[in-house]
Amino acid sequence: MTQRTIEFHDLHPTPADLAAEVLAGLRRRPRYIPPKFFYDAEGSRLFDAITATPEYYPTRVELEVLRAHAAEIARRVGTGSLLVEPGGGSCAKVRILLEGLRPCAYVPMDISRDHLWLAAERVAAEFPWLEVHAACTDFTRIMEVPISAPVGPRVAFFPGSSIGNFDPPAAVDFLAAVAELVGPGGFLLIGVDLKKDRARLDAAYNDAAGVTAAFNLNLLTRINRELGADFDLGAWQHRAYYNEALGRIEMHLASTLAQTVRVAGESFAFAAGETIHTENSYKYGIDEFQGLATRAGFGPEAVWTDADGLFSVHLLRTPEVGP
Ligand code: AVJ
């Protein structure tokens, strides 16, 4: 009997990375802590719970779009590819594609180590023919993951509208790094949340059950635990709203009163109502997103949406021969 193993490449951020970035973000005005720090074990669990709330449509709608077009995606991409998934999380969406795509290897990458490990093992068990290389890293570091030369084309899969976490210039930089990763003739299959009415967007980030609020506030719990901070969870509130001028949902943690917080030995004074900006989630029109992708070196191959025009899935490709 051969024991199935999956390769695990660990580039997990160290406690020093967390401390340095959190302290730098808290010294800034406006204060800002990057959303990648949401995803400790509890944060990853809460994110999965968000995707099950009735208000948070992106996950459900994207799955529906992927299911409806999986056969066409496989036909356009072909089999035997090397499939890379930055921010793979629970590896739920890729299952829809695996049978049709029949890639030679699958490389899920995620910042949340245990979550990724469990998810990658489950995928490997479910698809015994598939070689799985799990890489624990924040997806801005994709170039550092060792990938052996594949037979077929390289395909990056970036679902969930995680691209929305970058501001547009950084999104172009990230897409350009993906273009370099997949190489000439490589593909990117990417989910992008669409611009729509404010009420729908605001509701998706303010679910009635308070799961998104718990997800946002968990960042403070994590900082308390990992950086020895003393955030009083009763004195902070979740705030999320669509900033239409900038085309993005903003999430903040708002201080309900004037208070001083100690973080890693440093004191931070917050005024009543002052916020820590914790996430941007940009929304795009179809042409607008294709414009970004084009600036990053991709050409649009196909785009699919649901009937209500809530969410888009783009298939992009780099030119066959280098520029
Ligand atoms: C994982 C970044 C795509 O922006 O919708 C969900 C994260 N934050 N609810 C998003 C999130 C609050 C999500 N992304």
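Atoms within a ligand are numbered from 1 in the order they appear, just like the ligands themselves.
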CZ of Phe289 to CZ of Phe298, rounded to nearest 0.5 Å, is 9.0 Å
At under 4.0 Å between heavy atoms, what of Tyr205 touches ligand 1? The answer is side chain
Atoms of ligand 1 under 4.0 Å from any heavy atom of Asn165, numbered from 1 in the order shown, are 2 (C)
Quick note on ligand 1: atoms under 4.0 Å from a heavy atom of Phe215 include exactly 8 (N)
For the residue pair Phe311 and Trp304, is the inter-centroid distance of their aromatic rings smaller than 6.0 Å? no
Note to self: Whether Arg239 engages the ring of Tyr205 as a cation-pi pair (distance to the six-membered ring centre under 6.0 angstrom, angle to the ring normal within 45°) should be assessed.
What the structure shows: no
| request: May I ask you to check if Arg222 and Phe37 form a cation-pi contact, with NZ or CZ under 6.0 angstrom from the six-membered ring centre and within 45° of the axis? | output: no
Smallest heavy-atom separation, Pro103 atom then Leu83 atom, equals CB-CB, 4.0 Å
_Considering both backbone and side-chain atoms of Ser281, is one of its nitrogen or oxygen atoms within less than 3.5 Å of a nitrogen or oxygen in ligand 1?_
yes
Sub-3.5 Å N/O-N/O distance, Glu279 and ligand 1
yes
Exercise. Assess Ser161 for proximity to ligand 1: is some non-hydrogen atom of it under 4.0 Å away?
Key: yes
- [ ] Take every heavy atom of Tyr39, measure it against each atom of ligand 1, and state whether any distance is under 4.0 Å.
- [x] yes
for atom 13 (C) of ligand 1, nearest protein heavy atom and its distance come out as Tyr56 OH, 3.4 Å
Looking only at protein heavy atoms, what sits closest to atom 3 (C) of ligand 1 is Gly160 O, 2.9 Å
Stepwise, does the ring-ring contact (aromatic ring centres under 6.0 Å, His included) test hold for Phe157 with Tyr106? CA-CA 10 Å; Phe157 179 46; Tyr106 170 55; 8.4 Å; no
Pair Glu72 + Arg76, salt bridge at N-O below 4.0 Å = yes
